[in-house]
Amino acid sequence: NFSSLIEDTDLVQEVEKNKALTEALQTLATENHELKQSLSKRRKSSNLSTLNEDDFYDAVSESESEHSLSGFLSVASYSCEEDEGRDTPFLNTLRRPSAYRGPSGMSGEGNHGNQPSQCNGVKHRTSLPAPMFSRNDVSIWSILKKCIGMELSKIAMPVVFNEPLSFLQRLTEYMEHTYLIHQANATTDSVERMKCVAAFAVSAVASQWERTGKPFNPLLGETYELIRDDLGFRWMSEQVSHHPPVSAFHAEGLKEDFVFHGSIYPKLKFWGKSIEAEPKGVITLELPKYNEAYTWTNPTCCVHNIIVGQLWIEQYGSVEVLNHKTGERCSMTFKPCGLFGKELHKVEGYILDKSKKKLCAIYGKWTECLYTVDPATFDAHKKTEKKNPDEKKGNKQTSVDEEPEETPPPDTETVQVIPGSELVWKITPRPENSSKFYAFSTFAMQLNELDKRMEGVMPPTDSRLRPDIRAMERGDIDLASAEKKRLEEKQRMARKNRTKSTEEWKVRWFQQGPNPHNKAQDWLYLKGYWDRNYSQLPDIY
């Protein structure tokens with residue numbers, strides 16, 4: 001019958017997933033011998049003692065592949081690892097941090113991204129207390145060889161693959177280019193506003209470029225706030241659900257000139273060598289001055305080479321920013337990289353009126369910049385491009401069976417600017433020390449700052465007060481691992497105790513309901529957070 005047919009289909013899909021993972025792990029195993037040889041050469045000059053084989057099998061990556069799997073789930077997602085298994089304990093031999101040499105090509109040119117920012121006379125930090133650990137000495141095989149057949153989100157990862165931020169803090173990086181919202185507010189032309197809002201939507205995912213560390217899973221009830229007078233906003237977020245994991249956020253302009261809110265529920269797919277993260281959830285920007293509301297969803301993100309090879313990230317899919325008042329929309333395509341990487345990081349599309357007439361073309365790269373140009377000029381340029389394709393001779397032909405993702409495709413340095421174009425957004429360059437500190441931008445380095453004056457004001461549930469993240473930031477991996485396990489066990493016990501009683505978990509600052517503009521399922525801010533009354537909050541740390 002029909003129901004048994006559905007069950008059979010699900011079973012076949014599950015078998016295929018398990019088969020893909022098994023094949024990927026076998027690939028890693030066959031390369032193990034060569035990798036072990038290269039490891040032994042490196043360890044002759046290393047002061048690290050040999051790791052326990054049960055903890056870390058010796059199939060570590062080549063030096064150019066040291067990012068492998070380190071960022072799986074980091075883009076737009078995080079795992080539910082606290083419910084399954086335990087992190088592998090870290091050895092005392094890993095206590096000393098080594099300066100991590102990140103990938104070349106990090107945008108460190110120019111110095112406006114390196115300038116220490118000041119807010120109300122407070123100078124923000126420009127580095128973390130300790131550099132990140134090298135991940136060369138930790139094997140992925142020791143984790144994955146025990147996980148064949150497990151659901152992807154249940155795989156427990158050692159803390160060394162994390163970055164010292166909670167996912168709630170990672171979401172706050174949407175606000176790095178808030179000036180685009182202020183620019184939108186400053187123009188009376190709705191098309192000009194759409195240009196700025198579309199650029200803000202693209203800039204919100206730009207921080208994911210080269211970020212290979214996995215953010216810490218927020219605990220249920222965890223919160224994070226950020227007030228930036230210099231950027232003109234205040235932000236608060238809460239982990240409102242644990243199964244499924246949902247993070248809700250609400251930001252507002254300090255002059256009450258905008259409201260930005262949303263909820264993110266990541267959906268994961270595993271394809272053997274790569275992981276696809278589809279960030280479910282609606283993002284909304286409201287501009288009261290014009291009585292306008294814009295909504296959109298983020299693109300799909302794919303992390304390649306999670307088992308063998310150099311990790312690389314691409315984002316693809318359609319993003320439509322809709323102005324609910326005027327009916328104007330910006331339809332953009334985040335392009336997949338293609339066979340030889342020609343399309344890597346490219347974004348292009350059009351601003352359309354409510355009758356779908358093209359008003360403006362928009363193009364660029366989500367890692368770099370965005371331009372707008374007259375649509376007729378853009379279409380003519382695209383036609384010329386098709387007539388004279390810039391095909392590189394001598395490219396190795398890739399067979400159908402071979403996946404073109406063993407190494408990240410080469411990325412051209414700049415966007416080809418079409419004559420008559422207007423620059424709408426350009427990414428803030430990463431600071432020169434970024435590669436030592438998890439590829440963080442200057443903005444990201446400031447997210448976990450803890451000023452003594454804040455401690456008595458913000459709630460005890462704030463991410464800055466998490467002892468595992470604080471320990472990792474200071475370079476104490478052993479303590480970070482131990483604290484992470486303690487917090488996860490505490491959360492498990494609290495949930496177990498709730499099931500024994502009639503007590504239900506109470507979400508403090510958000511309420512589930514339909515988005516007011518498109519009726520999609522959402523979590524909406526209830527107000528009251530900034531009243532600073534936190535007496536009834538749970539002890540989650």
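Just so you know, these numbers come straight off a predicted model, no measurement behind them.
Using a 4.5 Å cut-off on side-chain heavy atoms (C-beta onward), V159 and D468 make no contact. Using a 4.5 Å heavy-atom threshold, the side chains of E252 and R234 count as touching. Side-chain contact between L447 and L165 is present, with heavy atoms from C-beta onward closer than 4.5 Å. Counting only heavy atoms from C-beta outward, the side chains of V507 and W523 approach each other to under 4.5 Å. With contacts defined as side-chain heavy-atom distances shorter than 4.5 Å, the pair M332/P299 does not qualify. Side chains of Q511 and L524 form no contact here, defined as non-hydrogen atoms less than 4.5 Å apart. In this structure the side chain of Y265 reaches within 4.5 angstrom of the side chain of V246, judged on heavy atoms. Taking the side chain as every heavy atom from C-beta outward, L220 and R495 never approach each other to under 4.5 Å.
For the 3.5 Å distance criterion, the side chains of T172 and W235 qualify, holding a donor opposite an acceptor. For the 3.5 Å distance criterion, the side chains of S463 and Q169 fail to qualify, holding no donor opposite an acceptor. Judged purely by distance below 3.5 Å, without hydrogens or angles, the side chains of Q239 and Y224 never pair a donor atom with an acceptor atom. Donor-acceptor pairing under 3.5 Å is lacking for the side chains of H345 and E368. No side-chain donor from either of N433 and S127 sits under 3.5 Å from a side-chain acceptor of the other. Neither side chain, S207 nor S441, offers a donor N or O lying under 3.5 Å from an acceptor on the other.
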message: Using the rule given for side-chain contact (heavy atoms from CB on, under 4.5 Å), can you reason through M445 versus T442, listing the C-alpha separation, both sets of side-chain angles and the distance that settles it, and then say yes or no?
response: CA-CA 5 Å; M445 288 193 204; T442 302; 5.7 Å; no
(Q) Run the side-chain contact (heavy atoms from CB on, under 4.5 Å) test on S203 and E176 for me, step by step, so that the C-alpha distance in whole Å, both residues' side-chain angles and the decisive distance to 0.1 Å come before the verdict. (A) CA-CA 8 Å; S203 76; E176 182 168 357; over 6 Å; no
Practice item. Dump the intermediate steps for salt bridge (charged side-chain N to carboxylate O under 4.0 Å, His left out) on R211 and E163, then the final yes or no. Key: CA-CA 9 Å; R211 290 281 284 280; E163 62 178 24; 3.0 Å; yes
Determine, step by step, whether L465 and L450 satisfy the side-chain contact (heavy atoms from CB on, under 4.5 Å) criterion, reporting the C-alpha distance in whole Å, the side-chain angles of both residues, the deciding distance to 0.1 Å, and the verdict. CA-CA 8 Å; L465 301 176; L450 183 58; 4.1 Å; yes
Assess the residue pair V319 and W366 against the criterion (side-chain contact (heavy atoms from CB on, under 4.5 Å)); give the C-alpha distance rounded to whole Å, side-chain angles, the decisive distance to 0.1 Å, and a yes or no.
CA-CA 12 Å; V319 172; W366 62 267; over 6 Å; no
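T297 approaches G281 most closely through the heavy-atom pair CG2-O, 3.4 Å. When every heavy atom of P538 is checked against every heavy atom of W505, the shortest pair comes out as CG-CH2, 3.6 Å. Scanning all heavy atoms of the two residues, the minimum distance from P218 to S247 falls at CG-OG, 4.4 Å. Shown here for Y316 and E276, the closest heavy-atom pair between the two residues is OH-OE2, 2.5 Å. The nearest pair of heavy atoms linking L537 to P460 is CD1-CD, 4.0 Å. Between I427 and H177 the shortest heavy-atom distance is CA-NE2, 4.1 Å.
The only member of F249, F443, F233 that meets ring-ring contact (aromatic ring centres under 6.0 Å, His included) when paired with Y174 is F249. Checking each of R464, R125, E473 against N448 for a side chain to side chain donor-acceptor pair (under 3.5 Å) leaves exactly one that passes, namely E473. For the side chain to side chain donor-acceptor pair (under 3.5 Å) criterion with E488, the lone passing option out of K484, R486, K490, Q491 is K484.
Between the side chain of R508 and the main chain of Q536, a donor-acceptor pair closer than 3.5 Å is present. The main-chain N or O of D462 is found under 3.5 Å from a side-chain atom of Y541 such that the two form a donor-acceptor pair. Panel note: side chain N497, backbone M493; a donor-acceptor pair is recorded below 3.5 Å. Although no hydrogens or angles enter the test, the distance criterion places no donor-acceptor pair under 3.5 Å between the side chain of S481 and the main chain of D478. Put simply, the side chain of E343 never gets that close to the backbone of P336: no donor and acceptor are under 3.5 Å apart.
Note that CZ of R170 and CZ of F216 are 13.0 Å apart. Values are rounded to the nearest 0.5 Å. Note: E449 CD to D451 CG = 8.0 Å, rounded to the nearest 0.5 Å. In this structure, CD in Q208 is found 12.5 Å from CD in E314, a value given to the nearest 0.5 Å. Note that CD1 of I181 and CZ of F200 are 3.5 Å apart. Values are rounded to the nearest 0.5 Å. Here L219 contributes atom CG and S166 contributes atom OG; the two are 8.0 Å apart, rounded to the nearest 0.5 Å. Remark: K365 NZ to K346 NZ distance equals 7.0 Å, nearest 0.5 Å.
By the 4.0 Å N-to-carboxylate-O rule, D476 lies too far from R474 to be salt-bridged with it. The pair E222-R466 counts as a salt bridge, with a side-chain nitrogen and a carboxylate oxygen less than 4.0 angstrom apart. Look at K280 and E278 and you find a salt bridge, because one of the NZ, NE, NH1 or NH2 atoms lies within 4.0 Å of a carboxylate O, short of that distance.
Under the 30°/60° scheme for interplanar angles, the aromatic rings of Y529 and Y534 are found to be tilted. Ring planes of F440 and Y438: tilted class, angle from 30 to 60°.
Heavy-atom contacts from other residues, nucleotides or ligands closer than 6.0 Å to CD of E455 number more than 12.
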